[in-house]
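Because the structure is a prediction, the values reported are computed rather than measured. Order of the sequence lines fixes the chain letters, A, B, ..., with proteins taken first and strands second; residue numbering starts at 1 for each chain.
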Amino acid sequence: MYSQDNTATKLTWHKACHVNDIPEDGGGCALINGKQIAIFNFSRRGEWFATDNQCPHRQQMAVSRGMIGSHEGEPKVACPFHKKTFSLQTGKCLNDDNYAINTFPVMVEENLIYIGIGK
Amino acid sequence: MYSITNTRIVVAGNGMVGYKFCEKLLSRKKNDQVFQITVFGEEPREAYDRVHLSEFFAGKSADDLSLASKEWYQENGIKLLLSDPVVDIDREQKCVRSHHGHVVYYDYLILATGSGAFVPSIPGVEKDGVFVYRTIEDLEMIRSHAARAKKGAVLGGGLLGLEAAKALLDLGLQEAHVVEFASRLMPRQIDEAGSRTLKNQLESLGLQIHLGKSTQEITGGDCLEGMQFTDGSLLVVDMLVISAGIRPRDELAKIAGLETHPRGGIIVNNQLQTSDPAIFAIGECALAHHMIYGLIAPGYEMAEVVATRIAGGEKEFLPYDMSTKLKLIGTDVASFGDPFIEEPACKTIRFENKAKGIYKRVNISEDGKTLLGGILVGDASQYNMLLQTFKNKTILPPDPEDLILGSRGGEEAGAGVMGFPDDALICSCEAVTKGMLCHEIGENGHHTVDALKKCCKAGTGCGGCVPMVKDIIAGVMKQKGVYVRNVVCEHFNYTRQELLDLVKMAGLKTYGTVLDEFGHGDGCEVCKPLVASVLASLWNESILQKDRAPIQDSNDRYLANIQKGGTYSVVPRIPGGEITPEKLIVIGQVAYKYGLYTKITGGQRIDMFGAHLGDLPSIWEELIEAGFESGHAYGKSLRTVKSCVGSTWCRFGVQDSVSFAIEVEDRYKGLRSPHKLKSAVSGCIRECAEAQSKDFGIIATEKGWNLYVCGNGGSKPQHAQLLATDVDKEMCIRLIDRFLMFYIKTADPLARTATWLNKMEGGMSYLRAVIVEDSLGIAADLERDIQQLIDVYQCEWKEVVRNPELRKRFTHFVNTPEKDPSVTFDTMREQKKAKEWV
């Protein structure tokens with residue numbers, strides 16, 4: 001089991017998909033309770049991340065289709081529309097202070113991926 | 001107390017300058033000013049673009065040429081009276097009376113009555129079939145007469161006359177003649193030698209040119225039948241367009257007792273006031289600084305001067321530089337400064353290349369230090385540089401012939417700009433000198449055009465100086481001995497070219513291994529697509545296999561173009577723009593079935609918008625079934641090879657451009673490169689496929705094909721340059737092979753071929769040496785490498801459609817087959833369109 005969540009908020013874990021559904025060093029989008037969540041399999045770092053699928057810049061549902069990478073060590077994703085890049089750890093936009101996205105904890109258990117969403 | 005001044009302004013004349021005056025006046029108006037503007041126009045329509053009148057025959061409509069609509073005048077509170085010229089001015093009462101009897105009072109009267117065609121008093125000018133070339137109505141009459149005419153002539157070989165002659169060609173007359181009284185064409189702009197060069201060029205396009213011909217009589221009954229010249233010869237024609245110069249329309253000014261010049265023109269001072277200070281004259285009716293300014297730019301400047309003054313500002317009309325550069329039926333013609341000054345008042349350098357149809361002349365001051373003027377025919381690429389050198393009175397290099405020849409044996413051009421003194425004005429819009437630029441580049445570390453635009457605004461106005469700014473950057477960096485390495489990003493400390501060589505030698509085929517071997521960190525959205533492009537350019541394997549799918553840029557990732565709203569557009573390849581009715585029907589059926597918006601692209605293909613990610617494989621399955629392939633509209637790769645219909649149908653075509661375009665498109669389809677590649681093939685010199693605006697363009701000649709390279713449209717349009725002349729198909733393909741592979745191997749990421757060439761040391765002559773003369777001895781390698789890529793081409797979509805693993809990735813959600821519920825559309829003209837950005 002892997003979890004990057006270390007806050008004390010009360011989380012509900014939602015099953016999202018199988019690990020094979022998300023390409024290595026790529027992303028995919030899961031529909032959870034009517035909400036679109038982008039899930040990233042950062043296999044190069046051996047880490048999983050989850051964020052909003054919607055980019056706040058132009059309200060486009062496409063963050064999961066973006067390229068991931070790092071900026072001075074900080075993992076990030078670039079929205080495919082206008083290349084706003086967001087930290088996968090904090091959700092902060094790294095090239096425009098006006099924007100941020102939500103991030104969610106990810107848990108992997110028996111090759112299934114769970115997303116933790118607060119109450 | 002708050003006061004509003006109400007000023008009554010009457011404008012007599014609704015041509016380009018009269019219209020520009022209204023526009024400028026509205027923009028200069030201050031909040032406490034009210035202008036009550038009345039415009040009288042003689043013509044029946046709103047102001048239109050007279051400069052581009054001849055495009056009326058190349059398919060433009062009167063609407064296309066229109067400068068302003070009826071609504072524009074209404075919205076701005078301008079009273080517009082058309083077909084109603086001013087016929088009288090009462091200067092005591094300060095009012096005008098129009099043809100229809102309208103009487104309007106003015107505080108200021110602006111005469112913008114323009115000019116009419118000058119018709120020499122030759123017996124017979126009144127006959128049917130004789131026209132002038134001035135208004136849309138004139139053109140409509142010419143067009144309807146041309147439908148029944150076979151042989152046409154233009155009287156007058158000046159700028160307008162040659163435009164009119166082009167119109168006759170466009171109208172499809174069997175013979176088009178130009179008759180000029182002077183011993184040369186364009187006598188106001190170019191000299192005898194320039195005229196000879198221009199004449200040869202125009203004759204090769206089918207015009208027949210008669211110089212030094214004085215017309216005695218226009219023969220015929222009611223209808224003209226020919227032109228009788230004083231030398232006894234006769235030219236049989238059934239239509240004649242007179243374009244022998246302009247005559248300022250000063251008759252109204254004369255009636256009103258304003259001062260006019262005996263040879264025409266309303267005399268004005270530096271403020272453009274006539275002899276009555278309440279009356280101004282602007283445009284071609286005005287005689288300022290002892291001359292009539294028969295170009296649009298000074299006319300607009302006059303409009304600006306008067307508008308500024310009436311709105312309370314200060315501005316004078318100064319003697320205006322009449323330097324011009326234009327393209328006449330495909331031939332560059334430019335003149336600047338004093339083109340005609342002769343020895344011993346100056347030293348003249350002339351260059352002539354008859355084979356290529358190029359003539360250049362520069363006039364240098366006696367002391368050899370400054371440029372006084374010059375003429376360029378056939379190749380005006382140095383015009384901007386020469387004009388700046390002339391205007392800035394820049395001290396010339398010791399070998400001033402380099403100005404028009406380029407320096408031979410050494411480095412090209414660069415010396416030109418770096419030879420300028422520090423106070424030479426480079427960007428005249430923002431008043432930035434060479435010294436300021438050198439300081440910003442050398443001392444403050446602004447090494448790019450963008451950085452310079454930010455720090456000193458150079459190049460932000462008209463942009464005409466940007467090429468010189470680039471030269472200065474290169475020059476300063478070179479002086480400092482700095483080799484500018486354009487490294488990829490924080491993860492790869494290499495240039496694209498270095499990385500390509502390394503990856504090739506190591507034989508790497510995945511992003512992971514490239515990053516392990518030559519980079520560090522986790523990569524990013526800059527290096528991933530760059531490596532993806534390098535891998536594709538080296539091996540041409542499927543871009544979605546191995547670890548390559550998630551490193552592709554937004555569009556390549558799903559082999560389609562992501563559009564507003566998150567749906568995709570689909571462009572099947574239609575080589576050369578040729579398509580059968582059956583295939584057209586399939587496109588229609590697919591678009592109908594999947595509810596797609598359809599539009600014809602600029603590249604002669606059909607784009608289908610609004611496809612859900614999950615529908616892409618099924619859409620392509622149907623297209624592939626019908627024989628379509630991927631059009632790579634999403635890739636930095638060959639897009640389309642546009643063609644005109646060529647000799648199979650066109651009566652002018654000299655070669656089969658469509659077949660060649662299809663051959664070229666099929667050869668290079670799927671070829672991935674640093675940036676997109678566009679091409680075109682034209683079947684004759686008329687160049688309907690616009691090949692000279694492409695990365696590589698081919699134009700048919702009587703003897704073979706001319707190959708042009710490194711052009712592009714887009715935000716910084718640049719014409720392609722001639723690489724090879726009259727080559728056969730096989731040679732043409734070999735040269736393109738070498739050219740494309742050399743570009744792929746050496747260009748910076750996301751640099752189009754034009755940008756690549758602009759940065760190349762040695763420029764076009766170096767490129768020609770490498771590609772045509774094989775100066776580096778790499779031609780065989782380049783040909784072999786590109787052949788390998790061509791040999792392994794596969795349609796990417798065919799592969800996805802047949803591979804369930806790849807196909808599975810084309811869904812919006814990983815945990816449900818649902819489509820993205822957030823996707824919604826608006827409707828427009830019976831089709832869908834994307835919802836506006838929120």
Side-chain angles (χ1 to χ4, degrees), chain A residues 14-32 34 36-45 47 53-85 88 94-95 112-113 115, chain B residues 489-491 510-512 515-516 519-532 544 546-558 560-568 613 805-806 808-824 834-838:
Chain A
H14 299 266
K15 188 171 97 180
C17 58
H18 192 271
V19 289
N20 291 346
D21 290 333
I22 312 287
E24 291 195 351
D25 288 314
C29 175
L31 187 63
I32 297 172
Q36 300 198 18
I37 307 286
I39 302 168
F40 299 97
N41 175 6
F42 212 142
S43 54
R44 190 173 174 85
R45 297 165 69 108
E47 293 178 279
N53 192 38
Q54 188 182 64
C55 174
H57 171 224
R58 291 295 192 187
Q59 275 76 41
Q60 301 292 305
M61 287 292 187
V63 173
S64 62
R65 300 179 208 169
M67 276 178 276
I68 57 173
S70 65
H71 174 59
E72 290 167 1
E74 184 165 14
K76 63 171 185 173
V77 59
C79 173
F81 271 90
H82 307 95
K83 300 279 153 65
K84 298 279 174 206
T85 60
L88 289 170
L94 301 174
N95 52 6
L112 291 176
I113 293 164
I115 308 297
Chain B
C489 68
E490 65 173 85
H491 306 104
T510 65
Y511 177 75
L515 186 58
D516 290 341
H520 47 87
D522 307 310
C524 66
E525 73 282 359
V526 174
C527 59
K528 283 184 169 180
L530 185 142
V531 171
L544 300 185
K546 300 188 180 148
D547 71 347
R548 291 187 296 255
I551 65 166
Q552 303 297 334
D553 216 336
S554 318
N555 293 338
D556 273 321
R557 171 84 192 268
Y558 294 104
N561 296 51
I562 193 165
Q563 305 288 359
K564 228 185 230 181
T567 60
Y568 288 83
L613 181 56
E805 270 308 303
L806 290 178
K808 206 178 82 179
R809 297 283 183 218
F810 287 79
T811 56
H812 184 72
F813 293 115
V814 292
N815 59 343
T816 154
E818 261 177 74
K819 290 174 184 173
D820 180 359
S822 74
V823 170
T824 48
K835 271 250 189 287
E836 259 323 302
W837 301 119
V838 190

Just give me the residue among [options] that pairs up with chain B most often, heavy atom to heavy atom, under 4.5 Å.
options                    : answer
A:H18, A:M67, A:R45        : A:M67
A:A62, A:A30, A:C17        : A:A30
A:C79, A:A16, A:C29, A:G26 : A:C29
A:G69, A:S64, A:S70        : A:S70

| request: Can you measure from NZ (A:K83) to NE2 (A:H57) and round to the nearest 0.5 angstrom? | output: 13.0 Å

| message | Rounded at 0.5 Å granularity, tell me how far CD in A:Q36 sits from CE in A:M61. | response | 4.0 Å

Check: [Y] main-chain N/O paired with [X] side-chain donor or acceptor under 3.5 Å:
X      : Y      : value
B:N555 : B:I562 : yes
B:D547 : B:G512 : yes
B:R809 : B:R557 : no
B:K528 : A:I68  : yes

| Aromatic rings A:F81 and B:W837: how do their planes relate, parallel, tilted or perpendicular, breaks at 30° and 60°? | perpendicular

Which bit of [X] comes within less than 4.5 Å of chain A, counting heavy atoms only: side chain, backbone, both or neither?
X      : value
B:I551 : backbone
B:Y558 : side chain
B:E525 : both
B:Q552 : backbone

| request: Kindly give the heavy-atom pair with the smallest separation between B:Y568 and B:L613, and that separation in Å. | output: CE1-CD1, 3.8 Å

Which portion of [X] sits near chain B, non-hydrogen atoms under 4.5 angstrom:
X     : answer
A:N41 : neither
A:E24 : backbone
A:E72 : both

| message | Using a 4.5 angstrom heavy-atom cutoff, name the option from B:C527, B:C489, B:G523 with the most pairs to chain A. | response | B:G523

